[in-house]
Visitor: 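Please read through the structure below; I'll follow up with questions.
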Amino acid sequence: MKIQEDARYTKSDEWVRVEGQVGVVGISDYAQDKLGDIVFVGEIAVGSELKAGDLLTSIESVKAASDIYSPVSGRVVEVNSEVTAKPELVNSDAFGAGWLAKIQLSDPAEVNSLMSAAEYAEYRKE
Amino acid sequence: MQNTGRNRFPSIPSTSDEQLTMLNSVGLGFEDIISCVQGNACVEGGLHLPDGLTEDQMVQEWDTLMSRNSPAKKASLMGGGAYMHFIPAVVPHLAGQPGFVTAYTPYQPELSQGTLQSLFEYQSFIVELTDMELSNCSMYDGASAAAEAMLMAHRIKHAPRILVAANVNPAYLATVRTYVEPHGIAEETVATDETGQISQADLERLLAAGPCSAVLVQSPNYVGVIEDLPALGKVVHAHDTLFVECFTEAMALGLLAYGVGTGADIVVGDGQSLGLPMSFGGPHLGVFATLKKFNPELPGRIVGESVDTEGRQAYVMTLRAREQDIRREKATSNICSNHALNAITAAVYLGSVGRAGFRALACENAAKLQKLVQALEGSGRFSRVFKSGHVFNEMALASSLAPDELRSRLAAVPVVPPLALPRGTVPEVAGMPYSYLVCATELLKDALLEQVVAALM
Amino acid sequence: MTLYDKSVAGRCAFSFSFEEDEARGESCVPEYARASVKALPEVSELDLVRHFTNLARVNYGVDTGFYPLGSCTMKYNPKINERLAADPRLTMRHPLDDESDNQGVLQMEYELKESLKEITGMDDFTLQPACGAHGELTGMLIIHAYMRDHDPRRTRVLIPDSAHGTNPASASMAGFQVVTVPSDERGGVDMEALDRLMDDTVAAIMLTNPNTVGLFEENITRIAEVVHARGGLLYYDGANLNALMGLIRPGDLGFDVVHLNLHKTFSTPHGGGGPGAAPVGVKQFLAEYLPVPIVVCRNGRYTLDSDRPRSIGRMSAFYGNTSVLARAFVYIRMMGRDGLVAASRAAVINANYVKILLSPYYPPAYDRPVMHETVLSAKGYDKYGVSLLDIAKRLMDYGYHPPTIYFPHFPPHAEEVMMIEPTESESKETLDAFCDALIKISNEAQEQPDLLLSAPHNTVVTRVNETYAARHLVTSQRDKKENG
């Protein structure tokens with residue numbers, strides 16, 4: 001199970017990596033592995049205002065569907081169009097090229113209440 | 001069960017002795033196994049049903065029952081959502097093969113290539129006939145397909161309002177209403193004009209009045225008139241609304257244009273005319289086709305092409321994460337089983353009539369109706385309600401003949417009489433207070449047509 | 001190869017005496033509405049026959065072999081049903097024709113309705129729904145309408161975690177919010193959780209009984225009491241009725257709304273995924289909400305009654321899948337009072353027998369006698385690198401269709417469970433041979449796991465790449481041409 005050290009994690013396997021005022025968001029390697037081969041990443045509307053815990057999008061594999069929740073509050077400023085065309089990126093590079101959205105953080109302190117990489121690794125230890 | 005002798009029920013092979021042997025292996029008596037049930041209100045003294053019949057007895061009883069129907073007819077002047085067409089012998093022969101009939105849903109593709117490929121071919125034919133990009137492998141019928149199309153449009157556009165043309169088949173409209181009611185989706189009706197078509201002015205007015213998820217238009221419509229789909233499509237797309245086309249008579253697909261070229265976002269309808277008997281209303285065939293960009297919201301099962309481990313072409317159900325077993329309450333629809341065998345039947349039918357045959361049949365239908373109507377108008381007892389409306393194989397005719405009289409005149413002719421329309425369904429014609437929906441298909445041979453006309457003179 | 005691939009321009013399979021001029025027909029349609037000739041295949045009749053005959057041959061059906069799909073009730077489809085349902089006196093009926101012309105078919109439907117009332121203990125039925133999910137939606141819309149009139153606060157529906165996916169999907173389509181009720185360690189509804197969740201915002205609980213793990217809901221009487229006492233209704237998913245016919249009736253257990261699957265319990269064929277039929281039965285107080293029309297009998301005359309102002313409306317254009325209803329009518333009439341109970345009895349014995357033979361190799365999910373189906377676990381096989389899927393695929397090499405796999409998926413079994421429903425149609429020899437095969441596979445898993453991992457070997461295609469299918473979506477011949 002891959003872990004990205006500089007990200008924070010939710011109990012529902014989303015991660016956020018803070019880059020200045022913006023949080024880059026995606027699902028963890030554990031999550032993509034559980035889903036299996038991903039075939040579809042749902043549309044995310046640029047400009048939508050989200051609270052932490054709001055539905056961000058849904059991801060489908062051949063055998064499962066998962067609702068993905070935003071780990072942070074803010075406004076969606078950018079969406080990864082690559083994963084719409086090539087959903088397999090989420091499988092191959094969940095922390096890198098498989099990022100889902102960039103959110104302008106309305107409350108940067110929120111990330112502190114999320115799990116650290118070490119805490120998440122412990123949480124998802126099989 | 002008897003302890004000796006023959007099994008009374010051929011469909012239950014295990015004898016009493018075998019059941020005893022099996023129970024011994026289990027180590028329990030039957031009463032022990034069902035003890036969990038016993039604490040509850042069990043049936044005392046058996047169900048109050050008659051004794052079972054043997055096969056020969058059943059045939060007798062069935063015969064008695066069916067003899068209470070009027071004899072089967074050679075053609076039907078009645079349409080209105082169910083149509084009598086010629087079904088080549090090869091169609092039930094191929095569709096009725098046990099490999100197709102007794103198979104389950106093709107969850108295990110290695111054992112189901114027959115079903116899967118046949119459904120892929122059905123999807124292919126529907127894509128061609130509706131001129132859309134993606135078809136599912138069937139819904140139950142045209143009415144429920146139209147209803148699901150409205151729900152799909154609502155999921156895409158989110159506006160809690162839909163528009164339906166007043167001249168959509170009334171049973172389709174009723175079904176749409178039943179489906180949308182619990183979702184707080186308001187439904188408004190677009191008026192028709194004196195040509196028998198939907199009023200474009202009223203459509204524009206209603207679209208301008210507020211956001212709307214979809215507009216539902218039927219062509220040919222309930223009173224048989226062909227709508228100007230391209231023009232309507234343009235009106236609808238000037239607003240952020242989906243254009244949903246529907247048909248009740250699939251034979252029209254042989255001659256009329258639908259789909260992408262006319263601005264459709266979704267095309268739905270009933271495929272009963274594609275090789276399926278009327279069967280007193282069911283089972284028919286829900287056709288559902290849409291654009292590829294909407295595939296995440298498409299209800300129903302889809303068959304896709306793929307490869308196996310040896311690289312051979314193979315078919316498989318795909319995009320299943322939309323469906324109820326994975327998505328549960330968030331599924332695009334609750335639909336599980338569909339009308340797969342009827343879709344396979346339609347595929348066989350379309351393969352049988354083929355490119356030229358389907359076109360020729362559609363033309364025959366249209367020409368037959370014109371011939372019939374001309375003759376009926378010639379009698380002086382009938383008149384077209386919509387003088388300028390173009391039609392396919394159904395038309396609204398006003399008449400001086402009351403339904404009872406019409407029926408009794410036609411009693412000796414082996415045709416189903418036309419559908420009597422309730423007063424007010426169509427505009428009145430002076431001197432002709434009754435109106436009918438008259439249908440003609442390729443089965444209305446000239447000799448029969450002459451008999452009909454003679455009887456109604 | 002598809003029919004398109006076999007097409008040759010000018011070939012045809014169609015023989016018909018056209019009387020009209022094709023150009024005359026074309027000119028009836030104005031230009032803006034007229035299509036050019038649409039692309040359909042051009043094959044000879046023999047091509048068509050070989051094409052579909054060979055396709056049917058590579059399909060596995062009940063007529064081919066044992067089909068132990070849990071909760072699907074793959075029982076034998078009697079051929080007398082097929083013959084009578086194909087009777088032109090039935091198939092040539094126009095649904096809108098005068099009722100006096102249709103007394104035979106209406107009487108058949110009425111008598112079917114009456115027998116379903118007796119079998120289930122319900123007061124009235126609609127025969128309109130086309131398949132189980134359609135029936136569920138109908139039933140839930142009835143409940144929704146009732147609550148709208150009597151207690152609109154009730155917007156939620158309780159559904160066990162073991163439920164078939166159509167249950168929450170149908171509840172949602174009917175406008176309800178779904179609340180999941182966990183199961184207890186004996187496999188039934190967790191009564192404590194029910195007590196907590198059943199409040200005045202809940203319209204109904206949807207139950208399958210026996211449930212999806214083949215167990216009779218031991219607390220059903222208590223569940224009915226609690227739900228009714230707190231103002232809710234009970235919905236019965238009749239998918240598993242094959243365990244109970246003549247033994248117990250959902251109406252007597254307290255269910256208010258019931259749907260049946262004629263294509264399961266009542267022997268109508270599955271057809272590769274339908275058409276089926278799913279009559280919905282209700283207790284008298286809900287009858288006014290049934291979709292219209294309903295077949296009734298007045299003074300010996302059968303008629304379709306649409307005069308129901310509180311009806312939820314229509315679920316489809318006509319009255320239901322008549323030729324499917326006809327098959328069930330014949331089945332019930334031929335089985336009769338004694339046959340139906342004999343069927344359920346044999347189904348239950350068969351399932352328990354299979355369970356006992358396989359238990360040492362595939363431990364049952366619950367240590368209780370089962371009803372008509374059994375859920376067995378393959379969890380231990382992952383230590384050989386083998387999954388339940390591999391076991392299922394290897395079964396195909398032995399000539400069997402696999403049981404239902406990976407369903408239901410809820411704790412404590414996680415995912416590796418298979419559900420086996422033999423039905424009463426199968427003989428002891430078939431069950432012995434099937435269990436033998438699964439036992440052999442169990443040994444293979446330990447000694448030659450590769451045989452399972454590469455299975456199936458004897459089928460016309462091997463494992464199909466589902467990821468490829470979804471990522472390179474080709475759903476029609478047109479798609480193929482466009483993708484090159």
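These numbers come from a predicted model, not from an experiment. Numbers restart at 1 for each chain; the letters A, B, ... are given by sequence-line order, proteins then strands.
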Visitor: Can you see which heavy atom on V39(A) is nearest to which on T467(C), and at what distance?
Guide: CG1-O, 4.2 Å
Visitor: Does atom OH (Y381(C)) have a neighbourhood of more than 12 heavy atoms from anything else shown, all under 6.0 Å?
Guide: yes
Visitor: What part of E60(A) is in contact with chain C, defined as an atom under 4.5 angstrom from a non-hydrogen atom: side chain, backbone, both or neither?
Guide: neither
Visitor: Where the side chain of R471(C) meets the backbone of I38(A), is there a donor-acceptor pair that is under 3.5 Å apart?
Guide: yes
Visitor: Does E19(A), at its CD atom, have more than 12 non-hydrogen atoms belonging to other residues, nucleotides or ligands within less than 6.0 Å?
Guide: yes
Visitor: Does atom OH of Y361(C) have more than 12 heavy-atom neighbours, drawn from other residues, nucleotides or ligands, at distances under 6.0 Å?
Guide: no
Visitor: Please check if the number of heavy atoms outside Q446(C) that lie under 6.0 Å from its CD is greater than 12.
Guide: yes
